[in-house]
Structure formats: structure tokens, C-alpha cells
Amino acid sequence: MSFFSSENLEKAQVLIGLYPEKRSALIPLCHLAQGQHGHLSNEAMEQIAELLDIQPAEVLGTASFYDMLHTEEVGKYLVGVCTNVACMLGGGIELLEHASDVLGVPIGGTTEDGMFTLEEVECVAHCDKAPCAQVNYRYFGPLANGDFDQLVDDLRNDRLSESVPPHGVLSQVFRDAPAMVPLEIIHRERRAMDDEKKARLAALNKDAGGNQ
Amino acid sequence: MSTDVSQNLVTISIDGKEIQAGKGELLIAAAEKAGVFIPRFCYHNRLPQVGMCRMCLVEVNGPRGFSLQPACYLPVSDGMEVVTESEKVKKAQDGVLEYLLINHPLDCPVCDKGGECPLQDQTMAYGPGESRFVEEKRHWEKPIPISDLVLLDRERCIQCDRCTRFADVVAGDALIEFVGRGDHTEINVFPDRPFSSYFSGNTVQICPVGALTAVPYRFKARPWDLSQVESSCTTCSMGCRIMVQSSQNELTRYLGLDADSINHGWLCDKGRFGHEAINSSDRITAPLVRKGDSFVETTWASALELISSKVSSAQAAGDPNRIGFILGSRLTNEDIYAWVKLAKGVVGTDSVDSQLGDGLKGEVIASLRRATINEAVSAKAILAFTGDIKEEVPVLFLRLREAVKSGWTKIATIGTHGSSLDKLSEVTASVSAGQLQLLAKELMKESSKFPELTKLFTNQGVGADGEGLVVLLGRENLAWDQSVVEAFALELSRALPRAKFLLTLHNANFAGSVDLGAVPNMLPGRLPLGSASQATRQKWAGLPDRAGRGVKEMLVAALQGELDVLFLVGSDPREDYVDSALANSALDQVGFVVSVDTFLSQSSAKADLVLPASSFAEKSGTTTNLEGRVLTLNQKVAPKGLCRPDWAIASEIALELGDDLGFDSAAGVLDEIAEVSPLHWGLSWNRLVKSSAIEGMMIPISATSLSIRPKAMLDEISTPGIASVWDQGLPSSKTAYVENGSTSADDKPAGEPSSQTVAGPLEPIWRLAPVQPLGFMNLAYSRKLYSQGEHLRNSAHLVHLVVEAKCQVSSKTAEKLGVSSGGSVLITDKAGGEGQFELEVDDSVPNDTVELVRGSFSISGFSPVRSDETVNYVKVERA
Amino acid sequence: MSTKIVTARVGVPESFLLSTYLGHGGYSALRKALSMTPEDVHAEVMASGMLGRGGAGFEAGRKWSMLKQDPIRYLVVNGDESEPSTFKDHLLVENDPHQLIEGTLITAYAIGATRAFIYLRGEFALGLERVQTAINEAYAYGAIGANIFGSGFSIDLVLQPGAGAYICGEETALIESLEGKRGFPRIKPPYFPAVIGLYGAPTIVNNVETMSNVPWIITNGGKAFAALGKGRSTGTRLFALSGDVVKPGNYELEMTSKTFRELIYDPDLGGGLRDGRSVKAVIPGGVSAPWIGPDNLDLPLGQDEVAQAGSMLGSGSIIVLDDHSCAVRAVWRITKFFSRESCGQCTPCREGSGWIEKIMHRIELGSGTESDLDLLLDVCDNIAPGLTWPPQQTTICVLGPSIPSSVVSGIKMFRDEFMVHIKEEGCPFVH
Ligand SMILES: Cc1cc2nc3c(=O)[nH]c(=O)nc-3n(C[C@H](O)[C@H](O)[C@H](O)COP(=O)(O)O)c2cc1C
Ligand code: SF4
Ligand code: FES
């Protein structure tokens with residue numbers, strides 16, 4: 001059973017290597033899987049479990065806690081309209097209703113052509129551009145109804161493919177940093193640092209001793 | 001592990017009352033001991049605390065005055081002031097209950113937990129009157145099966161994390177998890193990966209609501225219909241303490257009791273749900289006598305008469321060893337003693353054995369220094385050379401897992417194939433039979449050829465004499481003759497005179513069988529045949545005049561026509577003896593086979609006479625677990641039909657033969673055991689029931705160990721099903737369990753423990769292992785929890801779990817064979833027997849080894865293990 | 001022109017690139033720090049008096065002093081920024097990732113961290129790209145990795161994406177998340193990260209803005225930082241202004257130098273309210289904070305000043321509601337947020353948040369009753385007994401007791417408006 005492409009499997013190994021404990025790579029691996037497949041399939045979770053030496057149920061348990069990890073299929077574009085307070089004050093709730101009308105799907109629904117899934121999202125930290133929306137976590141705002149229609153039109157006609165990759169592709173930049181410094185070396189260094197510090201403090205105390 | 005807290009006491013005040021508590025003890029537990037019950041849901045004394053439900057909030061004084069704190073999460077500290085009854089506390093607790101109920105379906109009338117539900121009970125005790133919640137409740141599909149044995153109703157779940165914590169932390173099977181977030185959180189499994197843990201039933205037992213229910217118990221009973229007694233599970237040698245519950249003379253449920261030295265409240269599913277076999281309509285309920293190809297029912301009187309005539313004519317042949325007895329693992333100590341007394345004392349044969357090729361020689365077992373379970377889990381280090389403990393003694397696996405995860409001990413495992421212990425082991429090493437002698441001799445030597453093992457043990461502080469080392473000794477590979485293991489154990493015991501051994505053999509009461517002389521050459525009390533105690537001579541009609549045969553020798557003798565009468569008492573050699581080919585052809589040759597059994601097993605189905613025996617819970621008695629702890633078994637239901645307890649059957653036979661065994665109750669048998677066996681000095685039914693019911697008593701008992709240490713209080717919310725039945729006013733053992741037991745002076749046994757020695761030191765005998773023939777592979781033969789067996793076959797909800805026999809090899813070997821997982825292979829043994837098996841790739845199996853997992857293949861007559869070989873090799877080909 | 005510390009390069013073209021950063025003297029603070037002893041670096045931060053910028057407002061230097069000196073210890077930067085209407089870290093990670101990295105490395109050196117992690121909110125796709133690019137550049141430049149700038153100090157820095165869960169901003173939940181688990185906050189005590197944190201090792205968790213201030217402090221000295229602001233409120237802060245103002249946005253201001261009124265009305269800052277409307281309420285410090293009314297607009301923007309008025313400066317976000325906005329609707333929307341974001345561990349928070357949201361929704365839609373108001377307050381009281389500020393709690397973390405803030409503020413300040421919804425069976429405002 002292999003879900004990850006060989007290229008992504010290599011990336012997965014790099015990600016796992018970044019942490020003192022493997023399981024820490026769980027969320028990054030879920031993102032990697034979504035980038036490959038658009039959503040987090042059972043096969044993906046099973047392979048992640050295997051790579052991290054845990055049970056698939058543990059991967060599901062963790063993944064399902066997070067809004068960005070979708071275990072069900074979603075559209076190519078995940079459109080999230082914010083209705084939290086700042087956006088609400090700017091008309092976010094009405095924008096969401098408009099989006100639902102324009103796309104012809106209820107909140108949480110996916111258009112028949114598989115292009116769009118509509119979500120109501122909590123504050124996405126773009127409040128100065130209220131009301132705002134995100135498409136595959138790329139930000140747009142402020143959006144009047146007409147701006148939203150234009151956005152949908154642009155997406156439909158591939159005019160934004162440069163700036164908005166398909167769903168799941170989160171960061172298009174991967175870590176290319178050289179190998180990690182082995183933890184033993186770090187530990188040795190820190191021990192030396194701590195010893196030096198202790199010595200300095202001891203000297204300091206001795207100096208200060210007379211004044212007390 | 002229990003720690004002695006008396007050194008480290010602190011004083012705290014609860015509701016103005018000063019109490020003493022162990023430093024670092026959790027407030028909720030300390031309060032409970034002082035008689036203050038703080039309500040709770042998520043807290044469970046055997047699980048790490050999470051402090052999630054917030055039901056246990058109490059006011060605690062801190063630097064900023066009194067504030068609400070979770071009592072389940074707070075360690076007590078000196079001078080702590082706690083208020084559990086203020087308005088503020090009451091309001092917080094009412095609030096939590098109200099919150100828990102707003103989304104709860106309130107379907108108590110149709111809920112299996114109704115009447116024993118902590119949520120229901122605490123709502124009555126602490127809750128507000130009516131709900132102010134008028135909104136729509138949360139809905140989930142209900143109930144959904146999450147395994148063959150467990151159903152989940154997510155609407156009833158209160159997210160206490162008990163089941164998930166148990167599965168992950170205790171069992172190590174993180175197959176159920178919280179899924180989702182906030183008030184949409186549910187418990188669930190991964191799609192198509194059911195909660196198929198050996199320990200799944202425990203989650204049902206500890207669920208504080210009716211969210212998890214057991215399929216076998218569904219809609220079966222209500223707590224007010226139930227009554228219960230304490231007992232011990234006899235599915236394996238662990239001796240887990242259980243509560244046996246029944247309704248209208250039918251067993252309904254077993255629940256784990258929290259015995260600190262044994263099972264901590266946990267059970268394996270095979271033990272927990274095995275009661276269904278006892279209710280089975282396939283039970284033998286009357287004596288059956290063979291008429292041609294079939295049986296006809298007969299009366300006890302004519303059955304006994306028939307036995308008497310067969311035994312008499314065999315006796316007339318002059319050689320008492322023409323009569324043999326093979327005792328099985330179902331038997332209580334009292335049953336064993338009665339049958340040993342009948343065989344050795346009345347019939348006069350020493351051919352009595354209870355080790356069906358999957359155990360060890362009685363004399364070897366008797367000569368090894370025993371370790372207790374508690375000694376093992378706190379040993380400096382453990383050397384494991386044993387069958388897979390999770391498969392064979394499942395709850396011991398939980399204890400070991402806890403010990404390793406908590407850092408109490410470290411394990412090194414040696415063997416020929418992978419096991420569940422590997423993941424818990426610091427070091428795993430494969431060994432060949434040829435290396436064992438060297439290993440035993442050199443283990444703690446500086447120059448050892450096994451540096452990894454030696455280094456681990458030395459680092460852990462194991463002494464050069466083995467001080468601090470516990471050896472888990474079992475039958476790692478059933479394809480190796482037991483003599484290999486025996487030689488290893490004796491060699492090791494000689495090299496490391498202070499190492500201790502915990503025998504991890506599977507069969508229930510193997511220890512009692514050895515202690516009571518159900519092996520050749522020994523008498524009750526582990527006394528050699530020639531050194532019967534004074535009491536034995538007085539109580540027994542006679543003693544065998546020569547040494548008898550063990551199971552293997554009996555079978556060989558039978559093959560040669562030298563066995564006239566064979567008693568199979570709860571034993572089924574045709575299925576259970578490792579060399580089933582030998583067992584089958586040998587049993588065909590015996591003149592007259594009497595089987596005392598509960599089901600028509602493969603052996604009893606071919607016997608000449610079958611006697612119906614009482615099953616578990618149909619009789620009282622005692623059993624001895626693997627560490628040598630004597631535990632009580634209590635009768636709960638009336639025996640089916642004409643069934644009788646095994647000890648009583650032995651008595652009847654003796655009477656028919658003209659001898660009176662001299663007892664008419666199980667308690668009477670125990671009294672005689674205590675007289676005859678120096679090992680059992682001080683034991684009596686009264687003492688076992690009165691003072692130490694829950695923990696049993698370790699034997700031999702020393703005069704000082706008679707005072708019993710206080711027992712844990714029962715947390716009704718930890719084990720709702722037990723407390724609720726007690727509330728019905730049953731049974732008397734409640735007091736024994738809850739009160740601090742102590743033996744009164746007049747309850748002390750007379751005299752002192754005898755210092756009579758048990759079997760003396762034995763010399764290891766090393767037999768040369770045969771050379772591996774060209775083209776043959778090492779054979780590893782193992783058992784799973786759900787490998788075939790009569791009990792499983794008759795337990796309605798376990799029978800689906802029985803595993804098929806299969807053959808496992810490493811991926812490399814599979815490649816060599818040109819077969820992939822799921823394909824089939826042909827296995828040929830040295831004698832030319834053949835069997836076809838499904839192949840499974842498993843990289844815990846070393847290359848050049850094939851592991852056969854026991855299933856039902858013995859039925860086909862193919863037996864890859866030849867009992868005349870020290871080590872078995874087989875040929876494997878693509879089928 | 002007031003001092004800009006963390007936003008000095010915001011607006012500079014390609015401010016996020018290493019070349020730009022170096023052109024502005026970037027990484028000289030790290031070089032300087034590495035030439036000092038860790039204690040001296042720590043002492044500078046101590047002298048700056050800088051309060052953490054994540055919300056709790058605990059002094060950074062003091063937190064570092066509390067780090068248990070175990071051989072293995074970690075640094076985790078909190079960039080989860082999900083408190084509604086807070087968008088300051090968003091600005092910093094996208095516009096000046098190197099400043100964040102430099103601050104993180106200096107801190108790692110000062111506390112002797114074994115490894116450093118930046119946990120960034122998953123939705124910050126661009127931020128993740130910018131920070132990862134910057135980390136890659138910094139490794140290549142020799143600022144991260146083995147033997148940094150030949151100093152003998154080595155450390156690795158790992159960027160961890162979140163995946164959408166507000167609670168992971170809470171430091172112990174963040175640690176759980178970083179361990180690959182559900183974001184369940186841990187119980188304090190004993191889980192103070194500085195004692196038991198990531199993988200059970202002592203851990204310092206600091207906010208992105210906190211870290212971004214560190215290079216300036218090392219370059220200019222802690223004293224220079226402390227000279228800005230007043231009292232405990234030293235240095236500058238990024239105020240994220242949103243809601244019914246003409247010019248919402250991030251404004252870096254010397255602390256206490258301006259009042260709420262000035263921030264809202266100054267033409268260079270908020271630019272006043274739209275259509276000449278007036279202020280109805282202000283939510284300072286994120287939606288967890290109690291609201292303040294127009295009578296408090298002259299409070300200076302300082303930690304203690306806002307606390308004295310019964311609220312908190314929190315994450316430095318300020319939402320303005322004008323007189324055409326519905327308070328009931330705002331309260332409902334905030335409770336909906338908490339209900340969605342409760343991690344689900346604690347019964348009061350899990351069940352209470354959902355219940356409160358349902359009642360609030362009913363009231364907003366016009367099917368509430370007068371007794372619902374008492375019910376609301378009582379349900380809140382069971383999460384935060386006494387409904388005081390700062391709150392008491394029946395829960396593990398402070399998300400729970402944050403739920404009542406808006407409800408209590410709303411009912412206290414705008415009871416009439418609630419009653420209109422109830423009596424007229426609907427919301428009187430046009431949306
Ligand atoms: C519910 C909750 C959410 C929080 N969210 C954030 C957050 O998004 N970002 C942040 O830096 N701190 C957040 N915090 C505060 C952190 O727990 C922690 O105090 C902070 O990261 C410490 O950094 P500082 O000392 O630099 O401020 C949150 C706290 C709580 C209780
Ligand atoms: S208060 Fe809420 S968010 Fe915080 S730990 Fe409890 S349930 Fe989770
Ligand atoms: S929080 Fe203490 S028992 Fe649940």
C-alpha cells in the first residue's frame with residue numbers, strides 16, 4: 001500500500017526527520033497528502049500512520065480536530081467566507097449568503113462540477129479587508145457582491161491559477177535547508193554553554209560576596 | 001504497583017476535618033479514603049488522569065484564596081485546605097451535570113446501563129431537578145458496532161476519555177479515538193479498522209454511561225435482576241479476579257475485579273465473554289456410554305460400575321501403570337487433589353500428568369525459585385523466553401506493558417520468532433537451541449557472547465548471582481521439545497542462584513497441578529514420590545510402588561498396547577497435545593478411555609465412556625495462578641443436568657472401588673490439602689473467603705504473611721456494574737472486599753509452616769539438537785488467544801474470532817518461495833506428513849524460519865511437531 | 001514621527017527577502033548577540049521590560065528566567081494568530097520573516113534552546129511560503145544551522161504549519177499540536193511550559209510579535225526600549241484596528257502614547273467612523289475581552305490602563321461597533337465562534353458554548369424570552385463562576401471563561417437592545 005508519490009515520500013521522510021519525535025510530523029504529512037490528492041483519503045491516513053508508527057485511528061483522531069484537514073472530498077477551490085465579528089460588521093454574513101446563491105450550494109456544499117466548496121470560516125486574520133474570503137487559503141477582500149462574482153469568474157476561467165493553486169497545495173516552498181545538526185552535537189554544545197555559564201555565575205557570586 | 005506511603009504522610013483538611021494522606025496522592029483518592037466521596041466521571045484509579053469532565057471540582061485554598069480545582073488532578077500537599085460542600089462547589093457540580101444532560105438522550109429505559117449508570121446515579125444525588133435546555137439535541141446514528149463484541153452509542157457518550165485512554169495507554173491498541181472537535185466530538189474507529197483489541201470488553205466495563213455496550217450482554221438483564229459472587233477466571237494461568245453475575249440460574253456477565261497484585265480490574269475478552277460456553281446447549285449433561293459408533297445416555301450408577309470393572313481387570317494385569325490419568329486445565333485444586341488421591345492412593349498408579357506437551361516437567365517447575373507478578377513488574381530487569389504473553393496470558397501482558405512504560409523495569413526477549421513483547425523489549429535476540437546452554441552459563445559474565453543482553457542487565461543493576469533478575473519462562477516455540485527449555489532453566493538457575501522465575505505457561509492451574517502432584521514422581525506439596533508426608537500416609541489408602549509415566553510416555557505406551565484404561569479429566573489430547581498425530585493414533589489403541597468433560601471434544605467424542613462435569617461457576621473451589629497464589633472460585637449457578645464437580649466424581653469412583661476419599665465438600669478437600677501438603681499449610685476456605693478474598697494467598701504461607709494488608713476501596717464509578725449489584729444487598733463478600741481485612745487470633749492455623757523441603761535441585765540435561773537437514777527450515781509453532789479450543793467453539797460471540805491456521809515467513813523468505821501474502825504453501829514434516837496453509841508475510845519472523853500459527857489444522861491429522869524430535873524442521877514449498 | 005520597531009520595513013519593496021533585510025542591517029543583532037554571553041542577551045530583554053504580545057501580557061524576560069535548566073529545552077514561537085480580529089502577526093510573517101527568524105535565533109541563544117520551532121497558523125499560506133523561504137535563505141547565509149557565523153553556536157529552526165483550530169494558539173494546546181496530537185490544552189499546574197512543555201521538556205513559548213521585537217532590543221539596548229511607553233507598557237505595540245472605522249489596519253504605536261479615541265479618530269490612524277456615526281462599543285484585546293463603552297474612549301492604550309477599566313489589552317486587536325450595528329448579533333456571532341472552537345475537553349466549555357450560542361441565535365432571530373437573559377447569565381456563571389474579570393473558571397484553559405465576556409457585556413450594556421429583539425420578535429437593525 002502506498003499512497004504517497006515517490007517524490008512526496010521523500011519529502012515525508014525529510015519532514016519526519018525534523019522532529020525529535022516522529023509523531024510531530026503528523027500535521028505536515030496531512031498537508032502533504034492533501035497537496036497530492038486534494039483531500040485526506042483513508043489510504044493517505046493509513047500510510048501516514050505507518051510512517052509515524054501509530055494507528056490510523058490516531059491519525060484520524062488528530063486530523064479531524066483541524067478544520068483545514070478534509071477527510072471528505074472537496075472542490076478544486078475551497079472558498080471560505082469569514083463571518084466573524086469584524087467581517088460581520090462589514091457585511092460578511094450577507095456575503096456568505098450571496099456566495100451560496102451564486103455558487104448554488106449550501107454552506108459546506110460542493111458544486112456539481114467539483115470546482116467549488118463553500119465554507120463559512122472563523123476569523124482568518126484579514127480583518128482590515130472586511131468582508132473577506134479565502135480561496136485555498138489565498139486571501140481576497142474587501143469583497144462587495146460584485147467583487148465576489150468577479151472572483152468566481154476569474155477562478156472558473158483559470159485566470160488566477162498562478163496565485164491560487166488547487167486545494168491542498170498549502171506552501172509551495174519546501175524546506176531545502178541542509179541536514180539538521182545532530183542532536184548529540186547540540187546537546188554537547190549546550191552542556192558546555194551551561195557549564196561556562198555556571199562558572200561565570202560562580203565567579204560573579206565570589207566577587208559580589210564581599211558586598212553582602 | 002503499590003507503594004508504601006506511610007513514610008510520607010501529609011495532613012490536609014477536608015471540610016474542616018483533618019486527615020492524613022500520602023504525599024503526592026491525588027486529592028480525590030485521599031478524600032475517598034477519608035470517607036468523602038467527590039463525584040467524578042473521567043477519573044479512574046487505573047488510568048492516568050485527564051481532568052476533563054470537571055465533575056470533581058472542589059474549592060482549594062491557594063495563594064489567591066479559595067478557587068475551584070479538579071480533585072482528580074491535584075496532588076495533596078501539607079496544609080492543603082479543601083471544601084467539598086460549599087454552595088459554590090454544589091453549583092459547579094450541578095452545572096456540569098446539567099451540561100452533560102443537555103445533549104444526553106435520556107433513553108435510560110432501553111439502555112443496558114440503566115440502573116448501574118453513574119450519570120443516572122449522580123444526577124439523582126447531585127443534579128438539578130429539571131432541564132432548562134429546550135433546544136434540539138445532538139444526533140448520531142445509534143448504536144454502531146465498533147467490533148464484533150462492542151457497540152457504540154455516541155448520543156450517550158459524555159466524552160470522558162476513559163475508553164480511549166484504556167485502549168491507548170493500558171492496552172496499547174489505539175483503535176478508538178476522539179474524532180471531531182468541540183461539541184461534535186465523537187468516539188469512533190478508523191473506517192474498516194474495528195476495535196478488535198483482545199481487551200475491548202474493559203472499555204464497556206469502565207464506560208460511565210451506556211455509550212459502550214457489550215454485544216453478548218445486550219438487553220440481557222438489569223442490575224436488579226442480577227446477583228453476583230467473586231471468583232477467578234480460569235481461561236489462562238493469570239487468575240484474574242472477576243465478579244460472576246447471573247440472573248435466574250443463567251450466567252449473564254463477568255466483570256473484572258480490581259486486585260492490586262493481579263489484574264487491576266482488567267480482563268481479556270476471551271475470559272470475559274467465555275461464560276457463554278457454560279450456558280451452551282451443547283453441554284454434556286448426562287453420562288454417555290459408547291454403543292458402536294455412537295453414545296447412549298446411561299446412569300451414574302452403571303457408568304461407575306463399568307469404570308470399576310475396567311479398572312479392576314487392568315489392575316489384575318499386575319502393572320499399575322497400565323492405568324493412566326491425564327488431567328486438564330479446567331480443574332480446581334480440589335478436583336486435582338481428589339483425582340491424584342484416587343489415582344495414586346487408590347488405583348496405585350503414578351501415571352498421572354497434566355502437562356500436555358505445552359508445559360514443563362513438574363519436577364523442573366517445582367525446583368525453580370518462583371517470582372510473583374509484582375516482583376516481575378518491579379524487577380531490575382526481565383529476561384523473557386516465553387510464548388507470546390499477549391496471546392497466552394493476556395492480562396499479564398498489560399501488567400508488563402505498564403511496568404515498561406512506567407520505567408519500573410526493562411525487558412530483554414530471546415526466542416525464535418517475533419512476539420508482542422518485542423515492542424516492549426529493550427533488547428530482542430534470536431537464539432538457536434544450540435546456543436541456549438552457553439547463554440545460560442554466560443549471561444552475567446563479563447566475557448559473555450551475548451554482550452547486548454549482559455550489558456542491559458548489568459546496567460540495570462542485576463547482580464552476578466542474578467539478584468534482581470526475573471525470568472519469564474514459558475514455551476517460546478512449541479516445536480522445540482520441552483526438555484530444551486527445562487535444561488536452559490535449570491542451567492540458568494544454577495548459574496544465577498538469586499534469579500527468580502515466573503512461569504508464563506498458558507494453562508490455568510498448571511501450578512496447582514504441579515503443587516498437588518498431578519505429575520509423575522511427585523506427591524501433593526511438591527514432595528518426591530518416595531517422601532510422602534506423615535499426613536499423606538495417614539490419609540491415603542496406599543502409595544504407588546513405582547514411578548509412573550508422563551503424557552508422552554503414556555501415549556507411546558498406548559501405541560504399544562500397554563495402556564488399558566485412560567482417564568481424560570478435562571483434557572483433550574487429540575486436539576491439545578502438540579504432536580496430535582501421536583495423540584490420535586495412541587488414543588485409538590487404548591483399551592478403555594473414560595473422559596470427564598463438559599463438551600464432546602475431539603477426545604471425548606471418541607471415548608468409551610463420558611462423564612458430565614460441572615463447569616466453571618457451577619462449583620466452588622480454589623485455583624493456583626502462575627505465581628503460586630491460591631484464589632477462590634465460587635459457585636454461582638446450579639450444575640447443568642446430571643453434571644457433578646470433578647472432585648466428587650473422583651470420590652464416587654473411589655467408593656465404587658471400595659475406598660472412601662474422605663471428603664464431601666470442596667472445603668473439606670482443601671482442609672485435607674492443607675494437612676497433607678506442607679506447601680499449603682495455613683490455607684482454609686474460611687480464611688480465603690474471610691480475610692483475603694480479593695487477592696487470594698501466596699503459598700507457601702509464612703506465619704507472618706497471615707495478616708492481610710488493607711484492600712482498596714471500591715470506586716463505584718470505576719466499575720459501575722459491580723457496585724450497582726451490591727446495592728441490591730448481595731453478596732456477603734461485599735464486606736470482605738471493602739473492609740480492611742485482618743485475621744483474628746482464633747482464625748490462625750494451628751502449628752507452624754513445615755520446613756519440609758520441596759523437590760531438590762535438578763541437574764540440567766542437555767540433549768544434542770539434530771542438525772538441520774538440507775532444504776528444511778526452522779519451525780516455530782505458536783498459539784494465538786483465539787486459536788481453536790472447545791470453549792471458544794461454544795461461545796456464541798467468540799466463535800467468529802477463532803483464527804485460521806496460517807504460516808508466516810519474512811518477506812525475504814516469501815520472495816525466495818515465490819509466494820506472496822495470501823498465497824498458499826505446502827509444509828512437509830520430516831516424517832512426510834503434509835499440510836497446506838495460507839501464507840502471511842511477517843517480518844518479525846527471522847529468515848530461514850517458518851512460523852506456524854495454531855488454528856484448526858490438528859483436525860486434519862497433520863502435526864508438524866514430532867514429539868520425538870528435540871527441534872523440528874520442515875520443508876516449505878509453494879503449493 | 002513615532003518610532004517603528006517591528007514594522008520598520010513594512011512597505012519596503014520585497015521586504016521579505018534576505019537581500020532587503022541585509023540591506024537594512026539585518027542579522028547584525030544576531031551577530032552582536034552571539035558575541036555576548038547568553039546571560040547578557042537575556043539581561044537586555046529583561047531591561048526592556050517587554051511584555052509578551054500574544055495576549056496574556058507576561059514579561060518576556062521574566063518568563064525566560066523561569067525556564068527550568070534541564071539539558072534539553074525548546075523554544076516555540078506562537079504564530080497561530082486566530083483570536084478574532086487580530087491580524088498583526090499576519091502582517092509580520094508576510095512582510096518581515098527575517099526579523100522574526102533573527103529574534104527567534106537570538107532568543108534560542110539566550111535560553112540555550114535545543115531546537116526552535118515556529119508554529120504558524122495553517123491558513124497563512126503566503127506567510128508559510130515567506131517564512132520557509134526566509135528560513136532556507138538564512139540557512140544558506142549561515143544564520144541557522146551548525147556553528148552560526150562561526151560562533152560555535154548551532155541550532156535548527158523548524159517551521160510547523162497549523163491546520164485550523166483556534167485553540168492551538170493557547171500555548172499548551174499548541175505544544176500538543178506540535179506533538180502531532182489533537183489541540184487539547186494541558187492542565188496548569190503542572191504543565192507550565194517553562195517546566196513541562198514540548199516532549200515533556202522545559203519550553204519557552206513566545207508570540208511572533210514578541211520575537212520580532214528582540215533584534216531591535218539587542219541592537220538598541222533594553223533601556224532604549226524601556227524608554228518608550230509608560231509603566232509596565234514599554235516599547236511599541238501593533239494595534240490591529242477593525243470594525244466600523246474608515247481605515248481599518250495595523251498601527252504600530254508607542255504604548256500609552258495614544259488613547260482609544262485617538263486611534264479611532266486620528267486621520268493618520270483609524271480615520272473616524274463611517275458616515276459620521278458614533279461609537280457604540282469597543283472590543284479591545286480580542287473577542288475574549290469584555291467590551292468597553294464610549295465613556296472609556298479616553299483610556300490610553302496601555303496594559304494596566306485597560307485592565308483597570310475591567311477589560312484587557314490582550315492581543316492588541318480593537319474592534320469598533322458603531323450605533324448602526326446590532327450588539328445582539330455581535331454577541332451571537334462571538335458565541336458561535338467559541339462554540340465552534342471549543343476543543344471539547346471540558347464539559348462546561350463544550351456543552352455550555354453550544355447552549356449559549358443556541359440561545360443567542362434564538363434571541364437574534366426573534367424567538368427569545370426575557371427569562372433567556374437570566375438563563376444565559378446562569379449558564380455563563382457555570383463556566384466562569386461569579387462572572388468577574390479577570391474570570392474564575394470551571395475549565396482547564398481560559399477559552400471557557402472567555403465565552404461569557406461578550407454575553408455579559410452585551411446584556412449589561414445593551415439590555416434594552418436584547419429586550420427589543422425579544423419584544424419585537426426580531427432584529428431591529430438592517431443588515
Ligand atoms: C484560547 C487562547 C488562544 C490564544 N491564542 C494565541 C494566539 O493565537 N497567538 C499567541 O501568540 N498567543 C495566543 N494565546 C496566548 C498563549 O497561550 C501564550 O500566552 C502566548 O503565546 C505567549 O507568548 P507571549 O508571552 O510572547 O505573549 C492564546 C491563549 C488562549 C488562552
Ligand atoms: S476550556 Fe474549552 S477550549 Fe479550554 S481546554 Fe476546556 S474545552 Fe478546551
Ligand atoms: S475532571 Fe476530575 S473526575 Fe473528571
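The basis for the numbers below is simple: all heavy atoms, side chains too, and nothing from hydrogens, waters or symmetry mates. Numbers restart at 1 for each chain; the letters A, B, ... are given by sequence-line order, proteins then strands.
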Polar side-chain atom of [X] near backbone of [Y] as donor-acceptor pair, under 3.5 Å:
{"X": "A/R190", "Y": "C/A113", "result": "yes"}
{"X": "A/S24", "Y": "C/L178", "result": "yes"}
{"X": "C/R182", "Y": "A/S64", "result": "no"}
{"X": "A/T62", "Y": "C/G180", "result": "yes"}
{"X": "C/N136", "Y": "A/F174", "result": "yes"}

Determine whether C/E123 and A/M68 satisfy the following criterion, side-chain contact (heavy atoms from CB on, under 4.5 Å), listing intermediate values before the conclusion. CA-CA 8 Å; C/E123 289 92 337; A/M68 292 174 71; 3.7 Å; yes

Locate the shortest heavy-atom distance separating C/E81 from A/A125; write the atom from each residue and the value.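 That closest heavy-atom pairing would be OE1-CB, 4.0 Å.
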
Please determine whether the number of non-hydrogen atoms from other residues, nucleotides or ligands lying under 6.0 Å from atom CD of C/Q69 exceeds 12.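 Yes.
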
Determine whether C/E129 and A/L170 satisfy the following criterion, side-chain contact (heavy atoms from CB on, under 4.5 Å), listing intermediate values before the conclusion. CA-CA 8 Å; C/E129 286 173 5; A/L170 194 54; over 6 Å; no

Interface moiety of [X] toward chain C, non-hydrogen atoms closer than 4.5 Å:
{"X": "A/E21", "value": "both"}
{"X": "A/Q34", "value": "neither"}
{"X": "A/M180", "value": "both"}
{"X": "A/A177", "value": "both"}

Heavy-atom contact with chain A under 4.5 Å, split by part of [X]:
{"X": "C/A146", "value": "both"}
{"X": "C/S177", "value": "both"}
{"X": "C/K336", "value": "both"}

Where do A/F65 and C/K181 land on the side-chain contact (heavy atoms from CB on, under 4.5 Å) test, with the steps shown first? CA-CA 9 Å; A/F65 186 85; C/K181 303 182 186 143; over 6 Å; no

Pair A/V173, C/V131 - check side-chain contact (heavy atoms from CB on, under 4.5 Å), show working. CA-CA 9 Å; A/V173 180; C/V131 175; over 6 Å; no

Do A/E122 and C/R333 meet the salt-bridge criterion of a basic N to acidic O distance under 4.0 Å?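 Salt bridge: yes.
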
Can you tell whether the side chains of C/E39 and A/K197 come within less than 4.0 Å, N to carboxylate O? no

What orientation do C/H90 and A/Y139 show, parallel under 30°, tilted 30 to 60°, or perpendicular over 60°?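 Plane angle between 30° and 60°, so tilted.
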
